[in-house]
Amino acid sequence: MDIEKIKSNLETRGISCEYFETGEEAASYLLRILNGRTIGIGGSKTIESMGLYEKLIENNKVAWHWKSEDADSARNEAYNAEVYLSSANAISETGEIVNIDGRCNRLTGTMYNSKEVYYIIGKNKICESLEKAVWRARNVASPLNARRFGLKTPCASGELKCHDCSSPQRICKEILITCGRPMGMDKMEVIIINEDLGY
Ligand code: SF4
């Protein structure tokens with residue numbers, strides 16, 4: 001993993017980058033910079049494993065459908081928050097961030113309406129090129145997520161790879177490649193953690 005190369009390529013795209021050895025250090029950093037904010041979170045095993053929601057709610061108003069009895073309202077609230085937190089299915093050393101989504105609330109939150117977006121990404125998601133990042137998102141992250149949700153898709157029950165299925169439960173309805181910070185967004189930042197996190 002060439003962090004300096006990733007940082008430099010992200011900065012060229014208007015995306016800042018911070019690097020931490022552990023999830024705990026990354027969580028402390030986010031707690032320092034996010035205070036008194038409205039924050040939305042997209043579905044993320046990475047964020048869940050860091051216990052970030054429980055820490056952030058002490059000083060912020062946080063909407064996360066994984067922690068709400070009314071998931072639809074929480075998704076809407078997250079979309080309207082100032083800050084949006086997400087992981088990614090892959091990131092290339094050339095600085096593109098790849099995410100796949102079924103309902104697409106997570107993709108939307110990272111694209112529009114948020115003033116600040118933070119991608120929290122473990123080292124297992126780093127790929128050499130955009131092509132390899134898209135491959136990883138389709139053939140590693142999506143099948144593993146389909147298994148986790150117990151979906152009726154060929155990748156969940158058969159070989160761990162994408163079969164480009166037409167299942168109604170297809171988990172990957174949209175693929176987003178973020179090539180730069182969107183216009184009108186004040187800050188987009190990638191936080192890389194030197195641990196294997198999420199899928
Ligand atoms: S298209 Fe179908 S087989 Fe491929 S990853 Fe998505 S759900 Fe799995």
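In each ligand, atom 1 is the first atom listed, and ligand 1 is the first ligand listed.
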Check your understanding: Which protein heavy atom lies closest to atom 1 (S) of ligand 1, and at what distance to 0.1 Å?
Key -> Cys172 SG, 3.2 Å
Practice item. Go through Glu82 and Tyr84 one step at a time and tell me if the side chain to side chain donor-acceptor pair (under 3.5 Å) criterion holds. Key: CA-CA 7 Å; Glu82 300 161 316; Tyr84 200 83; over 6 Å; no
Review point. Looking only at heavy atoms, is any part of Ile100 under 4.0 Å from ligand 1, and if so is it the side chain, the backbone, or both, or is it neither?
Key: neither
Review point. Considering only the protein, which heavy-atom contact is closest to atom 3 (S) of ligand 1, and what is its distance?
Key: His163 N, 3.2 Å
Check your understanding: Taking heavy atoms and a distance under 4.0 Å, where does Gln169 meet ligand 1: side chain, backbone, both or neither?
Key -> neither
Study note, to complete from the structure: A student checking ligand 1 against Arg138 at a 4.0 Å heavy-atom cut-off should list atoms 5 (S)
Review point. Any N/O/S atom of Cys162 sitting less than 2.8 Å from atom 8 (Fe) of ligand 1, backbone or side chain?
Key: no
Check your understanding: Can you list the steps and then say if Asn35 with Asn60 is a side chain to side chain donor-acceptor pair (under 3.5 Å)?
Key -> CA-CA 6 Å; Asn35 259 303; Asn60 299 277; 5.1 Å; no
Point to revise | Atom pair CZ (Arg106) and CG (Asp101), whose distance is rounded to the nearest 0.5 Å | key: 5.0 Å
Check your understanding: Between Lys187 and Tyr118, does a side chain to side chain donor-acceptor pair (under 3.5 Å) hold up when you go through it step by step?
Key -> CA-CA 8 Å; Lys187 181 179 182 183; Tyr118 296 86; 3.1 Å; yes
Exercise for review: Among all protein heavy atoms, pick the one closest to atom 7 (S) of ligand 1 and tell me residue, atom and distance.
Suggested key: Ile171 N, 3.5 Å
**Study point:** Separation between CD of Glu174 and OG1 of Thr108, rounded to the nearest 0.5 Å
**Key:** 8.0 Å
Review point. Can you find a side-chain donor-acceptor pair between Thr94 and Glu96 that sits under 3.5 Å?
Key: yes
**Study point:** Exercise: identify the closest heavy-atom pair between Gln169 and Thr153
**Key:** O-CG2, 3.7 Å
Point to revise | Interfacing atoms of ligand 1 (cut-off 4.0 Å, heavy-atom, Ser142) | key: 5 (S)
Exercise for review: Distance to 0.1 Å, residue and atom name: give those for the protein heavy atom nearest to atom 8 (Fe) of ligand 1.
Suggested key: Cys155 SG, 2.3 Å
Study note, to complete from the structure: The closest protein heavy-atom partner of atom 2 (Fe) of ligand 1 is Cys165 SG, 2.3 Å
